[in-house]
Amino acid sequence: MRPNLADAMTRLSLSGAVIAADTIATCGGGGGGALPAALGALAGIAGNVFADDLHRRLANRLADPDTLLRNHDLTRAVGDAIAA
């Protein structure tokens, strides 16, 4: 089954997983090679996707002037992304 990349929560989850994998590979001290280099490149792209989707998700809440951004909104957005 292929992931639905049109869904923002799926993109947030997948890009977060790539960033985490890069962090683990980098901290693991596996040395050089193709895998850490490829993960680093993918993590850079994934970081941009993650930031863009998260910004868009939070900005949509501000489209309604009656809706205020609260401290728990970021925590909830990240929690939703992890749960997806």
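Residue numbers run from 1 in the order of the sequence given.
Both F50 and I82 belong to a single network of hydrophobic side chains, linked directly or stepwise wherever heavy atoms of I, L, V, M, F, W or Y lie under 4.5 Å apart.
Note that OG of S15 is 10.0 Å distant from CG of N48, once rounded to the nearest 0.5 Å. I19 CD1 to I45 CD1: the interatomic distance, rounded to the nearest 0.5 Å, is 11.5 Å.
Sorted by first and then second residue, the salt bridge (charged side-chain N to carboxylate O under 4.0 Å, His left out) pairs with a member in residues 42-55 read R11-D53, D52-R56, D53-R56; sequence neighbours excluded.
Scanning both residues, M9 and A77, for their nearest heavy atoms gives CE-O, 4.3 Å.
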Let me have the donor-acceptor pairs involving side chains of residues 34-44, under 3.5 Å, with sequence neighbours excluded, atom names and distances please.
none

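At distances below 3.5 Å, at least one donor-acceptor pair connects side-chain atoms of S13 with backbone N or O atoms of A81.
Residues passing the side-chain contact (heavy atoms from CB on, under 4.5 Å) test with L14 are P3, L5, T10, sequence neighbours excluded.
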